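Following: one structure in structure tokens, then a few remarks.
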Amino acid sequence: MSEEVLPRLNTDEPAQMQFYIVSAKKFWTLSLMTLGIYALYWFYKHWSEYKKSTGEDIWPVPRAIFSIFFTHSLFSFIEVKYEQENGEKPIRIIHYATAFVIVTIVGGMINTKSGTGQVALYIELAWYLTLVITSFCCFKAQMLVNKASNDPSGSANSSFTLINYVFIFIGVALWYLVLLGTYTLLTDQYL
């Protein structure tokens, strides 16, 4: 018995891309409180929504893990989505993709360095800065997604879930350890 496979509808219309919506408050809370681990989930959710909406054969997990190789394409798709929905070109965010990639690479190099005294303190402070910059780059893309999805405030995903609180709790514990390390660097330097 053979199963008939129906052909896909061939239209001139491009597939309507969908992306992950999240409010600014929730985005920043999760980004900063989880020490940037949220970015991994953020990339995964965007690629997962894109895959579901377009039917493209992509793997969201590897695209999230190796985000530096896929950031430009994601940000470009977000710009296209905005243009499809609003009929006008958006404010370009591709330069934020470039900044994200560069700062992520530099941040990775910083994390491999070690030092003592003032050098260690500067390394630690540079790491804090990379967290804020990479989060800001993703935030700019997120705001464009929210506008393109006709939910500029991200109200469809503004409530915190139990899993969000679990990751915030883990993040607070990690922040405690990181700040304790920074404090130790500061006090050792001035003793």
Side-chain angles (χ1 to χ4, degrees), residues 7-108 129-161 163-164 167-168 171:
R8 289 179 107 179
L9 292 175
N10 188 7
T11 63
D12 292 335
E13 297 273 328
Q16 283 296 321
M17 295 178 280
Q18 299 299 319
F19 295 99
Y20 174 62
I21 297 171
V22 65
S23 70
K25 178 182 174 185
K26 186 173 180 178
F27 175 90
W28 279 109
T29 301
L30 291 172
S31 290
L32 297 178
M33 295 302 289
T34 64
L35 292 156
I37 296 169
Y38 176 69
L40 184 65
Y41 178 77
W42 185 84
F43 276 101
Y44 166 77
K45 283 300 287 182
H46 277 293
W47 285 117
S48 180
E49 291 296 319
Y50 176 81
K51 178 181 181 172
K52 280 192 268 186
S53 63
T54 63
E56 285 192 33
D57 186 23
I58 62 169
W59 295 358
V61 171
R63 285 180 182 238
I65 293 170
F66 303 106
S67 60
I68 61 170
F69 300 110
F70 299 101
T71 304
H72 284 84
S73 58
L74 177 63
F75 283 34
S76 293
F77 287 140
I78 291 169
E79 288 180 353
V80 169
K81 164 78 173 169
Y82 181 89
E83 190 172 353
Q84 284 177 344
E85 294 298 320
N86 295 298
E88 64 185 30
K89 294 227 180 258
I91 295 172
R92 301 285 303 193
I93 58 169
I94 206 71
H95 57 282
Y96 291 111
T98 302
F100 176 88
V101 170
I102 291 170
V103 172
T104 299
I105 292 169
V106 169
L129 186 60
T130 63
L131 172 63
V132 172
I133 293 170
T134 56
S135 295
F136 179 76
C137 294
C138 292
F139 175 73
K140 294 303 276 185
Q142 186 61 54
M143 292 300 95
L144 194 59
V145 165
N146 290 355
K147 288 178 188 173
S149 301
N150 297 317
D151 188 0
S153 67
S155 60
N157 185 10
S158 60
S159 301
F160 290 88
T161 64
I163 195 75
N164 295 148
F167 277 98
I168 289 171

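This chain uses plain numbering: 1 for the first residue, then up along the sequence. Values below: every heavy atom of this structure, side chains too, minus hydrogens, waters and symmetry copies. Note that the structure is predicted; figures quoted are calculated from it, not measured.
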Run the salt bridge (charged side-chain N to carboxylate O under 4.0 Å, His left out) test against [X] and tell me which residues pass, sequence neighbours left out.
X   : result
K51 : none
E79 : R92
K45 : E49

With sequence neighbours excluded, residues passing ring-ring contact (aromatic ring centres under 6.0 Å, His included) with F75:
none
Results of ring-ring contact (aromatic ring centres under 6.0 Å, His included) for F43 - residues two or more places apart only
F100
Nearest atoms (heavy-atom pairs only) where [X] meets [Y]:
X   : Y    : result
L32 : S135 : CD2-OG, 4.3 Å
K81 : A148 : CG-CB, 3.7 Å
W28 : V132 : CH2-O, 4.3 Å

Applying side-chain hydrogen bond (donor to acceptor under 3.5 Å, both in side chains), can you list everything that pairs with S155, at least two apart in sequence or on another chain?
D151
Enter the distance from [X]:[atom1] to [Y]:[atom2] here, rounded to the nearest 0.5 Å.
X    : Y    : atom1 : atom2 : value
I133 : T104 : CD1   : OG1   : 10.0 Å
E56  : M17  : CD    : CE    : 9.0 Å
I21  : S158 : CD1   : OG    : 11.0 Å
I168 : T29  : CD1   : OG1   : 6.0 Å
L35  : L30  : CG    : CG    : 12.0 Å
L144 : I93  : CG    : CD1   : 5.0 Å

Taking the side chain from [X] and the backbone from [Y], do they hold a donor-acceptor pair closer than 3.5 Å?
X    : Y    : value
T130 : G107 : no
S48  : Y44  : no
S149 : N146 : no

Can you pull the side-chain hydrogen bond (donor to acceptor under 3.5 Å, both in side chains) pairs that have at least one residue in residues 30-40, sequence neighbours excluded?
Y20-Y38
Write out all pairs satisfying side-chain hydrogen bond (donor to acceptor under 3.5 Å, both in side chains) with one or both partners inside residues 57-78, taking only residues at least two apart or from two chains.
H72-T98
With [X] via side chain to side chain contact (heavy atoms under 4.5 Å, CB included) - residues at least two apart:
X    : value
F69  : F66
I163 : T161, F167
N86  : Y82, E88
A24  : F139, M143

Do the non-hydrogen side-chain atoms of E83 and V80 ever get within less than 4.5 Å of each other?
no
Test item: F70 and P62 side chains (from C-beta on) under 4.5 Å apart, heavy atoms:
no
Please work out which of the three classes, parallel, tilted or perpendicular, describes the rings of F19 and H46, given edges at 30° and 60°.
tilted
Exceeds 12 heavy-atom contacts within 6.0 angstrom, atom CZ of F160
yes
